[in-house]
Amino acid sequence: MTSPLDFIRMTFSQQVFRAQFARIPEPSQITDGDDQVTQYDQVMTTQLTIPYAAGLEAAHRARPTVGGGAAADLACGPGHYTLCLARHLGFDSVLGVDLSAPMVDVALKNAAEALLEQRVTFQVGDVTNLEQISDGSLDFTSFNDAAHHMPDLETVTSVLREMQRITKPDGLLMVMDLVRLRTAALTERYVKTLGHDYVERGLSSFYQDFRNSMFAAWTAAELRSAIPPDSRRIWWQFVPRGLPTIQILLGLPEGRSKPLLRSGWPWQEDHHPVPLPLRTDWKMMRMMLFNGAKKKIGGS
């Protein structure tokens with residue numbers, strides 16, 4: 001568990017420095033090294049389960065209906081979040097798409113081990129060109145922890161356009177990603193504070209990927225600017241106050257303006273996606289996120 005004092009100090013630094021340091025793009029858009037794939041496959045025992053849980057809760061609270069329907073998870077990696085969409089949100093069918101063939105191989109294995117291969121499938125694909133998915137065929141599309149991998153905001157917009165195309169007008173879109181902090185020094189401190197668990201577990205490649213991701217992350221304003229200007233949906237952005245390290249964009253069903261329809265989360269305590277030692281950090285994160293800054297994009 002991370003010390004609250006650490007967060008207080010980092011929050012102070014974030015608020016004191018007003019200038020924003022420049023983004024440093026990822027070394028590569030594709031994650032397919034042997035160590036990267038092997039170590040990323042262990043995410044469900046790490047701190048990354050906390051934003052996963054936040055995303056699942058946001059989707060649960062924003063969905064027009066609870067359970068059922070078809071979903072896609074773009075840039076799915078080893079498929080753990082994709083499997084959560086079936087396991088915790090109850091989708092009847094879920095497709096995971098990733099550009100990395102080794103990641104997709106591992107994801108297929110994980111689906112079989114979870115006995116979910118009848119409901120969850122995976123395929124190699126480019127998330128900026130999802131020609132294999134028909135227009136308006138999905139109830140929910142997610143793009144989780146991957147926008148920072150894109151080389152520029154124009155590419156992020158291309159992904160959002162594809163998400164809009166493949167999702168039904170009354171379906172929901174969700175983008176979740178990191179937020180770039182104000183200074184490089186603060187980013188290094190945050191990476192070391194949150195990443196100590198990765199180092200202790202021997203996940204050196206995963207730690208380096210986490211560091212690269214924090215330097216490549218978009219600010220809230222940058223990611224918001226990637227929403228297609230001609231979108232027929234109202235979007236809402238959720239960002240924690242103080243130390244904003246996660247952001248969620250919800251593209252609502254057409255004609256709807258209220259972002260969240262219900263409270264709570266979609267799992268029982270004995271099926272919690274966050275390991276018990278990390279639950280205190282999870283509670284702090286969800287409180288900061290859902291009580292944080294909310295911005296409406298589009299509509300009147």
Side-chain angles (χ1 to χ4, degrees), residues 25-34 36-41 43 48 52 55-56 59 69-87 89 91-114 116-169 171-178 209 212-213 216 218 223 226-228 231 249 251:
E26 292 268 11
S28 173
Q29 286 182 249
I30 187 168
T31 304
D32 58 359
D34 290 345
Q36 290 177 305
V37 174
T38 299
Q39 294 183 22
Y40 203 95
D41 192 32
V43 297
L48 195 54
Y52 276 18
L56 292 169
D73 183 31
L74 309 184
C76 65
H80 293 291
Y81 189 79
T82 321
L83 294 171
C84 284
L85 296 180
R87 185 182 294 118
L89 297 183
F91 285 105
D92 296 322
S93 63
V94 187
L95 171 65
V97 181
D98 199 276
L99 194 58
S100 169
M103 284 289 193
V104 169
D105 289 341
V106 172
L108 289 166
K109 174 184 68 69
N110 288 333
E113 291 178 353
L116 287 171
E117 69 269 36
Q118 298 302 312
R119 294 167 55 199
V120 183
T121 57
F122 296 93
Q123 58 185 233
V124 177
D126 180 355
V127 297
T128 67
N129 182 15
L130 298 164
E131 58 185 12
Q132 72 274 31
I133 305 178
S134 302
D135 293 4
S137 58
L138 301 173
D139 299 282
F140 177 77
T141 307
S142 64
F143 185 43
N144 174 43
D145 199 30
H148 64 270
H149 285 295
M150 303 299 107
D152 49 48
L153 286 168
E154 289 75 17
T155 306
V156 178
T157 299
S158 296
V159 177
L160 299 188
R161 287 193 184 280
E162 280 293 83
M163 292 174 72
Q164 291 190 138
R165 180 186 66 79
I166 65 180
T167 306
K168 298 174 183 177
L172 180 70
L173 313 179
M174 191 186 80
V175 179
M176 182 170 67
D177 207 13
L178 302 167
D209 286 343
N212 291 341
S213 295
W218 306 105
L223 187 61
I227 297 172
S231 178
L249 281 176

Tell me, with the steps shown, if Glu162 and Ile133 meet side-chain contact (heavy atoms from CB on, under 4.5 Å). CA-CA 9 Å; Glu162 280 293 83; Ile133 305 178; over 6 Å; no
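- A pairwise comparison of heavy atoms in Ala86 and Val120 identifies CB-CG2, 3.6 Å as the closest pair.
- The minimum heavy-atom distance between Ala75 and Val127, with the atom names listed, is N-CG1, 3.5 Å.
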Let's go through Val175 and Val156 carefully: what are the C-alpha distance in whole Å and the side-chain angles of both, what is the deciding distance for side-chain contact (heavy atoms from CB on, under 4.5 Å) to 0.1 Å, and is it a yes or a no? CA-CA 10 Å; Val175 179; Val156 178; over 6 Å; no
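- One finds the CE atom of Met174 at 8.0 Å from the CG atom of Asp73 (value rounded to the nearest 0.5 Å).
- Here the CG atom belonging to Leu85 is positioned 10.5 Å from the CZ atom belonging to Arg119, to the nearest 0.5 angstrom.
- Looking at Leu178 and Asp145, their side chains come closer than 4.5 Å, going by heavy atoms from C-beta outward.
- Taking all atoms of both residues into account, the shortest heavy-atom contact from His149 to Ser28 is ND1-O, 4.3 Å.
- In this structure a side-chain-to-backbone donor-acceptor pair under 3.5 Å is missing from Thr167 to Leu138.
- Here the OG atom belonging to Ser142 is positioned 9.5 Å from the CG atom belonging to Leu89, to the nearest 0.5 angstrom.
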Please tabulate, one pair per line, all N/O donor-acceptor pairs under 3.5 Å involving side-chain atoms of residues 97-110, not counting sequence neighbours.
| residue | atom | partner | partner atom | Å |
| --- | --- | --- | --- | --- |
| Asp98 | OD1 | Ser100 | N | 2.8 |
| Asp98 | OD2 | Cys76 | N | 3.2 |
| Asp98 | OD2 | Gly77 | N | 2.8 |
| Ser100 | OG | Thr31 | O | 3.0 |
| Ser100 | OG | Met103 | N | 3.3 |
| Asn110 | ND2 | Asp41 | OD1 | 2.8 |
| Asn110 | ND2 | Pro78 | O | 3.0 |
| Asn110 | ND2 | Val106 | O | 3.4 |

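- Contact detail for Leu74 and Val159: the closest heavy-atom pair is CD1-CG1, 4.2 Å.
- The two residues Gln132 and Gly125 have their closest heavy-atom pair at NE2-CA, 4.5 Å.
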Kindly indicate, with the supporting measurements, whether the criterion salt bridge (Lys or Arg N to Asp or Glu O under 4.0 Å) is fulfilled by Asp139 and Lys168. CA-CA 6 Å; Asp139 299 282; Lys168 298 174 183 177; 3.1 Å; yes
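- The heavy-atom pair separating Ala226 from Leu160 by the smallest distance is O-CD1, 3.5 Å.
- Looking only at distances, no side-chain donor or acceptor of Arg87 sits under 3.5 Å from a matching main-chain atom of Leu116.
- With values rounded to the nearest 0.5 angstrom, Tyr52 atom OH is found 7.5 Å from Met176 atom CE.
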Val43 and Tyr81: CA distance, side-chain angles, deciding distance, side-chain contact (heavy atoms from CB on, under 4.5 Å) verdict: CA-CA 10 Å; Val43 297; Tyr81 189 79; over 6 Å; no
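- Side-chain contact between Tyr40 and Leu48 is present, with heavy atoms from C-beta onward closer than 4.5 Å.
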Evaluation steps, side-chain contact (heavy atoms from CB on, under 4.5 Å), between Gln39 and Asp209: CA-CA 10 Å; Gln39 294 183 22; Asp209 286 343; over 6 Å; no
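- Expressed to the nearest 0.5 Å, how far CD of Gln36 lies from CD1 of Ile30 amounts to 9.5 Å.
- Within a 6.0 Å radius of CG in Asp34, other residues, nucleotides and ligands contribute 12 heavy atoms or fewer.
- Remark: Ser137 OG to Ile166 CD1 distance equals 6.5 Å, nearest 0.5 Å.
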